[in-house]
Student: 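Got a structure for you, written out below as structure tokens; questions coming shortly.
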Protein chains: 2
Amino acid sequence: MGIIRKTASIDLLLNEFEQESNAISAVDLIKRLDKQINKTTIYRVLDKLEDDGVLHSFLGFNGVKWYAKCKGCTKSVHKDFHPHFQCLSCGTVDCLHIHVEIPEIPNREVLFSQLLIQGKCETCAV
Amino acid sequence: MGIIRKTASIDLLLNEFEQESNAISAVDLIKRLDKQINKTTIYRVLDKLEDDGVLHSFLGFNGVKWYAKCKGCTKSVHKDFHPHFQCLSCGTVDCLHIHVEIPEIPNREVLFSQLLIQGKCETCAV
DNA sequence: AAATTTATTCAAACTAAGTTGCATTAATAA
DNA sequence: TTATTAATGCAACTTAGTTTGAATAAATTT
Ligand SMILES: [Mn+2]
Ligand SMILES: [Mn+2]
Ligand SMILES: [Zn+2]
Ligand SMILES: [Zn+2]
């Protein structure tokens, strides 16, 4: 279940996502807010914000969890599915608001898919 | 660097992949070969087999590492890139030998991509 | 405004996947 | 057959994330 009470931890975390347009890893948030919020709380608040359709999560290329703001999702309807991009030079991760067509696969039912693209971002590309 | 000496551990691991057409997770291999090979050795041999173009690896939806046989890769040329499929009912993971077109992204250089599709496999689909 | 309820927080201990260092074993070459 | 050196096993470690239960803070009731 999502967030019920407005607390300081929630404000601090939401603020990080206001300041930043890119995705932020849970590990990085723990570092950034080290002195202010306990890591258990960070994981729990992120989880709740995801339930509420405020954030969405995905795994980066080495398996760590990243979070980014949702566009137009609600507690009941999560519709903001899209690929993610990880820059191999600077490490930046962000959402790609493009549609990639997943082909039909014979005899299989496709329910979800996650696409992680790696390469060089705007600033790092030659 | 890849494998230099043929050892019992390598034979045991390769045998697992002979018996199985699907991908196998590192965790599962450690369980299967518990009495026969140390887990450190398993991770190290898998790593070398990947270097040699015998196996390739990818992360499942929860971030654990999976391995599957390569088709036509060598130590110097790794060309067997493709999406993977994870069945939400039975947990089976396998390689999809299909091509999914990754669109151009303005101002970014796409180098790699990994696509993990989730759904129901042949046996589990209704 | 105080009391009560209940959600949230923190610290500490724990888990699971994977890695590292080093002594020992065993393939292969000499 | 001996010497060389890759491969292995073991234990300890790392990192990301989870669980626990008591303490605290927010919301609601009185
Ligand atoms: Mn996103
Ligand atoms: Mn594959
Ligand atoms: Zn970059
Ligand atoms: Zn299945």
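Within every chain, numbering begins at 1; the chains are lettered A, B, ... in the order of the sequence lines, protein sequences first and strands thereafter.
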Student: Using a cut-off of strictly less than 4.0 Å between a heavy atom of the residue and any atom of DNA chain C, enumerate the qualifying residues of residues 31-41 of chain B by number.
Tutor: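 Those residues whose heavy atoms fall under 4.0 Å from DNA chain C, taken from residues 31-41 of chain B in numerical order, are B/Lys39, B/Thr40.
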
Student: Checking A/Lys35 now: which residues fulfil side-chain contact (heavy atoms from CB on, under 4.5 Å) with it, not counting sequence neighbours?
Tutor: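 Checked A/Lys35 against side-chain contact (heavy atoms from CB on, under 4.5 Å); zero matches.
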
Student: Can you list the residues that meet the side-chain contact (heavy atoms from CB on, under 4.5 Å) rule with A/Lys75, with sequence neighbours excluded?
Tutor: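 side-chain contact (heavy atoms from CB on, under 4.5 Å) list for A/Lys75, sorted by chain: A/Asp52.
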
Student: Only counting residues at least two apart or in another chain, list the ones meeting side-chain hydrogen bond (donor to acceptor under 3.5 Å, both in side chains) with A/Asn38.
Tutor: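 Here the qualifying residues are A/Thr40.
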
Student: Under the side-chain contact (heavy atoms from CB on, under 4.5 Å) test, which residues partner B/Thr7, sequence neighbours left out?
Tutor: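 Testing B/Thr7 for side-chain contact (heavy atoms from CB on, under 4.5 Å), a comparison that skips the adjacent residues, returns B/Arg5, B/Ser9, B/Ile10.
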
Student: Show every donor-acceptor pair shorter than 3.5 Å between a side-chain atom in residues 112-126 of chain A and any protein atom, with sequence neighbours excluded, or say none if there are none.
Tutor:
residue  : atom : partner  : partner atom : Å
A/Glu122 : OE2  : B/Arg108 : NH2          : 3.1

Student: Could you state the atom-to-atom distance from CH2 of B/Trp66 to P of C/dG18 in whole Å?
Tutor: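 That distance rounds to 11 Å.
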
Student: Treat primed atoms plus P, OP1 and OP2 as sugar-phosphate and everything else as base, then score nucleotides 25-30 of chain D 5' to 3': B for base contact with protein heavy atoms under 4.0 Å, S for sugar-phosphate contact only, - for none.
Tutor: BBS---

Student: Whole angstroms only, please: what is the CD1-P distance between A/Ile10 and C/dA7?
Tutor: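 From A/Ile10 CD1 to C/dA7 P: 13 Å.
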
Student: Among B/Ile30, B/Leu12, B/Val27, exactly one meets side chain to side chain contact (heavy atoms under 4.5 Å, CB included) together with B/Ile42. Which residue is that?
Tutor: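 Option passing the side chain to side chain contact (heavy atoms under 4.5 Å, CB included) with B/Ile42: B/Ile30.
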
Student: Nearest 0.5 angstrom please: A/Met1 CE to A/Asp51 CG, how far?
Tutor: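 Between A/Met1 CE and A/Asp51 CG, I get 9.0 Å after rounding to 0.5 Å.
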
Student: Nearest 0.5 Å, please: how far is OG1 in A/Thr74 from NZ in A/Lys79?
Tutor: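 Here the rounded value is 8.5 Å.
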
Student: How far does CG of B/Asp94 sit from CD of B/Glu20, to the nearest 0.5 angstrom?
Tutor: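 Spacing of CG (B/Asp94) from CD (B/Glu20) equals 10.0 Å.
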
Student: Using atom CG of A/Leu59 as one end and atom P of D/dA16 as the other, report the distance to the nearest whole Å.
Tutor: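 That distance rounds to 13 Å.
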
Student: Short of 4.0 Å, heavy atom to strand atom, which residues of residues 51-58 of chain A count as contacting DNA chain D?
Tutor: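 Output list: empty, so none.
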
Student: Tell me, please, which residues at least two apart from A/His99 pass side-chain hydrogen bond (donor to acceptor under 3.5 Å, both in side chains).
Tutor: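 Counting only residues at least two positions away or on another chain, A/His99 forms a side-chain hydrogen bond (donor to acceptor under 3.5 Å, both in side chains) with A/Glu101.
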
Student: Rounded to whole Å, how long is the line connecting atom CG of A/Asn62 with atom C1' of D/dT14?
Tutor: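 Computing the A/Asn62:CG to D/dT14:C1' distance gives 14 Å.
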
Student: Scan for side chain to side chain donor-acceptor pair (under 3.5 Å) pairs involving residues 21-30 of chain B, sequence neighbours excluded, and state none if there are none.
Tutor: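 Side chain to side chain donor-acceptor pair (under 3.5 Å) check on residues 21-30 of chain B returns B/Asp28-B/Arg32.
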
Student: Kindly indicate whether the side chain of A/Val54, heavy atoms from C-beta on, has any atom under 4.5 Å from the side chain of A/Leu14.
Tutor: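 The answer is yes; the side chains approach within 4.5 Å.
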
Student: Return the residues of residues 42-50 of chain B meeting this criterion: a heavy atom under 4.0 Å from some atom of DNA chain D. Order them by number, or give none.
Tutor: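 Here the set is B/Arg44, B/Val45, B/Lys48.
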
Student: Can you give me every donor-acceptor pair (side chain of residues 55-62 of chain A, partner residue at least two apart or in another chain, under 3.5 Å) with its distance?
Tutor:
residue : atom : partner : partner atom : Å
A/His56 : ND1  : A/Ala68 : O            : 3.2
A/His56 : ND1  : A/Lys69 : O            : 3.4
A/His56 : NE2  : A/His82 : NE2          : 3.1
A/His56 : NE2  : A/His84 : NE2          : 3.3
A/Ser57 : OG   : A/Glu50 : OE1          : 3.3
A/Ser57 : OG   : A/Glu50 : OE2          : 2.7

